[in-house]
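What follows is a short report on a single structure.
Because only heavy atoms are used, hydrogens play no part in the values below, and waters and symmetry mates are left out as well, while side chains stay in. The shown structure was predicted, so the numbers you read here are calculated from the model rather than taken from an experiment. The chains referred to below are lettered A, B, ... by the order of the sequence lines, with proteins before strands, and numbering in each begins at 1.
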Amino acid sequence: MGPYLLRRLSVAVVSLVGVSFVTFLLIFLVPGDPAEMVAQARFGHDVGEREIEMVCRLEGLDQPVVFQYIKWVRHLLNLDLGYSLISRQSVLSLIWSRFPATLLLACSSLLLSQIVAVPAGIISALRKDTWLDVVLRLFAIWGVSMPSFWFSYILIIFFALKLRVLPVSGYGSFANLVMPSLALSLGIAGHTARLLRASILEVLQQDYLNTARAIGIRESKIVFKYALKNAMIPVLTSVALQLSFLLSGTVIVESIFGWPGLGKLILDGIFTRDFPVVQGCVLFVAVCFVVINVGVDLLYAWLDPRIRWEARG
Amino acid sequence: MRKIVLVLLIFFSLSLMVFSGCAKQETKLEELVVGVGKDTVDPNGGMWESRGLVFETLVTLNHKGEPRPLLAKRWEMAPDGKTYTFFLQENVKFHDGTPFNAQTLKENVTKLQSVWGRYPIDEVEIVDDYTVRFRLKEPYPLFLWHIAQVSRGMVVSPKVLKEVSGEAAKGVGQMLPTMSEDKSGSKQGMGQMPPGMGKSTTTSEEVRITAPVGTGPYKLVEHVPGQYWVMEAFDGYWQGPVGIKRIKYLVIPDAHSRVMALESGQIHLTGISPLSKIAAGDMEVIEKNKDLVLKHEPSFKVSLVAFNSAKGIFTDARVREAFVKAINREEINKVLTPAGTTLDTPVAPASPFYFPELTGTREYDPARAQELLAEAGWVKGPDGLLQKDGQPLQVSLIYSQTQPEMVQVANILRQQLKAIGVDLKLSSVESGTLFASLAKKDYDLIVAPGIGSTSLDFATDYHSKSRYGVATDKELDSMVEAYNVAPNFNEQKLIAKKIQEKILADNLVLLFINTNKSFAHTTKLQNFKPALEEEVNFMRHIWRARLSK
């Protein structure tokens with residue numbers, strides 16, 4: 001297990017360096033001078049050459065991009081993500097102020113989706129080709145194909161405008177959490193249910209389950225104890241991926257519900273060319289990706305001893 | 001399997017704990033909730049959206065754009081145009097209890113260079129406790145108009161003005177618009193500052209506002225970044241008791257969500273700033289709702305669909321004129337109303353420099369447009385498009401995604417130009433890219449945001465040395481420079497007319513668009529009269545309003 005983990009982590013570090021460098025380059029490749037945008041944010045739209053030069057000099061934006069990157073990495077090694085060029089708050093504190101909201105929304109929508117999707121997937125597989133299966137599969141397809149922003153507006157119109165039971169926007173109470181979680185969980189639930197159904201059906205064909213049946217083990221025990229554990233492996237991969245995306249890519253839903261998450265922070269940073277914020281957030285999200293992926297790999301090993309054997313060999 | 005669920009549950013409940021730790025207890029005071037698109041409060045003391053409720057100015061502007069008393073109850077201007085005497089309101093206090101008087105005003109002017117350093121102030125003389133005399137180095141006819149804008153004339157409690165320098169300057173205080181040695185001779189915050197003043201930005205030492213403490217009707221009491229901020233009534237407000245005790249600004253980035261929040265009653269007012277615009281499609285929804293009120297206030301703001309007369313095909317004045325003649329503005333007005341309208345003149349009717357006699361020079365005349373293009377050598381090709389030396393007449397229009405009304409306007413322009421054989425390519429970019437194109441003069445047609453219009457400034461848009469200017473004409477340059485040093489208001493008005501005549505005669509701009517300020521509120525909000533423009537404090541009168549149950 002040790003060398004396996006070590007190998008995984010070293011790959012992770014390389015990809016983090018790559019991600020940070022590419023992000024850095026991209027910000028400078030986008031049309032629009034960062035110094036100009038920062039100057040506008042600080043001094044208003046009527047900036048002249050002098051304000052722009054001043055920002056350039058103060059923030060070191062006049063140096064070559066590679067030097068700026070090296071400087072950024074040097075600070076990073078001291079766990080210093082720098083300061084926002086616009087609000088002049090430390091990037092770490094900005095991330096820290098937004099991350100709880102993002103984490104909460106990600107976890108609640110993931111949990112919500114699994115509560116629906118896992119039973120639906122199992123029932124669908126066990127009652128294959130019955131009307132129940134057809135209905136569940138239709139729902140799953142509907143869930144996958146419904147764009148989240150569209151579903152968000154429908155939720156708002158129903159719960160906030162017609163029934164008037166939930167607030168349209170905001171953060172801070174359970175009522176605020178309901179609609180964004182629902183909006184995000186729909187797609188994930190549909191996807192997971194379909195995947196789980198297919199996966200269970202495939203596993204149920206396996207020889208060892210036929211053997212189990214031949215021995216006379218009860219069908220329910222076969223399904224829940226032996227089949228499900230194996231069927232969960234592809235589902236787990238997909239759930240981990242979904243969680244990673246939820247931690248970074250929910251900016252539309254965040255905007256609609258006024259949810260103060262990381263996605264919105266990154267987007268605002270891109271528009272104002274506030275690259276320390278963009279850099280810091282992207283790196284943070286990348287770290288989350290890596291941690292989740294390594295975590296999933298470890299879970300695999302726990303779920304499926306064969307992987308442990310392979311890793312050892 | 002059970003373990004996975006268990007892990008997830010622990011994860012979930014942990015984050016719930018974090019969450020509830022962050023959640024703030026809401027007080028049950030009567031409060032006005034305003035929906036805004038962005039958190040514009042700077043944690044170091046600056047603010048944008050609600051700055052006008054905290055800070056006041058010596059004078060303000062009424063709906064006709066005329067200076068009116070605020071912290072100065074009256075003023076006198078000497079005939080030489082260089083000496084202004086302000087008679088200050090007595091019994092005015094800052095939120096921290098400091099009295100407002102000649103001394104505190106003088107401290108503002110001498111210390112807060114980011115606001116006052118932009119004017120050619122030679123000396124500030126305290127005549128008595130409530131009389132201050134400003135001596136300017138040269139006449140500055142727009143002085144009153146400029147100090148009426150919150151960012152250009154705000155009065156701050158001297159206790160929060162602190163000098164910061166070096167590394168410390170990075171994390172402290174608000175950075176406000178500073179002056180610069182602009183070559184264009186623009187007076188709006190640039191240009192003729194006396195030597196010695198304005199140096200503060202080049203050295204690392206600078207006086208900054210470290211907390212939002214002014215004389216206005218509200219003070220900032222709470223700010224949760226990215227979510228909301230709360231203003232509370234200032235009990236000692238000099239103009240009288242403040243009606244609405246609390247104002248909460250709720251950040252709702254999505255424009256449609258803001259309108260739905262208004263419909264649901266979660267917010268009471270929205271649309272008060274360019275960062276919380278009401279989308280054109282939502283206006284109908286608001287109008288149909290009898291619990292909501294939609295209003296459109298006129299503004300100074302004029303954005304320009306401008307030609308690049310410096311390079312490309314628009315260097316030919318005939319082509320520019322042809323384009324202007326090819327545009328049927330009535331059709332465009334149909335989609336712009338009621339959010340705005342196209343103009344015949346470079347200046348909006350609300351402005352003191354509007355001249356109705358300048359209208360009527362830009363009539364729709366497609367036949368004349370065809371003639372002019374033929375004169376310029378453009379002939380119809382086999383595909384119906386105009387061409388010259390085998391090159392089709394193809395131009396691009398750059399506009400920003402932050403100008404929602406431009407999407408429809410751009411499409412109509414495209415159709416109308418197609419009718420005379422022009423292929424217009426539309427290019428919607430984010431604002432950083434737009435400003436970069438403007439600065440590099442890298443465009444055929446561009447929607448310039450009309451930065452100067454609100455401060456009656458022509459240099460930002462029409463001087464050749466201005467960064468975001470759309471003109472490159474020496475004669476126009478000298479007119480703009482003459483405008484900036486005009487000895488008095490009437491003289492300035494005359495030059496303003498000549499400048500506008502020149503802009504129209506040269507056809508520098510395809511379309512002038514005057515956007516109204518559209519905002520909406522519930523019928524519960526009563527007696528709210530907005531002021532002209534956010535620069536002169538659009539929500540200034542909110543303290544007189546009431547919120548019914």
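Glu263(B) touches chain A through backbone and side chain together, each having a heavy atom under 4.5 Å away. Proximity to chain A is limited to the side chain of Ala439(B), based on heavy atoms less than 4.5 angstrom apart. Ser97(A) does not touch chain B: none of its heavy atoms, backbone or side chain, sits under 4.5 Å away. Neither the backbone nor the side chain of Lys162(A) comes within less than 4.5 Å of any heavy atom of chain B.
Using cut-offs of 30° and 60° on the angle between ring planes, the pair Tyr462(B) and Phe458(B) is tilted. Taking the six-membered ring where tryptophan is involved, the planes of Tyr153(A) and His256(B) are perpendicular, since the angle between them exceeds 60° and thus also 30°.
Chain B forms more heavy-atom pairs under 4.5 Å with one residue of Ser90(A), Ser255(A), Pro260(A) than with any other, namely Ser255(A). Counting heavy-atom pairs under 4.5 Å between each of Ile157(A), Leu94(A), Ile156(A), Ile256(A) and chain B puts Ile256(A) at the top.
With hydrogens and angles ignored, the 3.5 Å screen pairs a side-chain donor or acceptor of Arg258(B) with a backbone N or O of Pro253(B). In this structure, the side chain of Ser199(A) engages the main chain of Ala231(A) through a donor-acceptor pair within 3.5 Å.
Between Tyr468(B) and Phe435(B), the distance from one ring center to the other falls under 6.0 angstrom.
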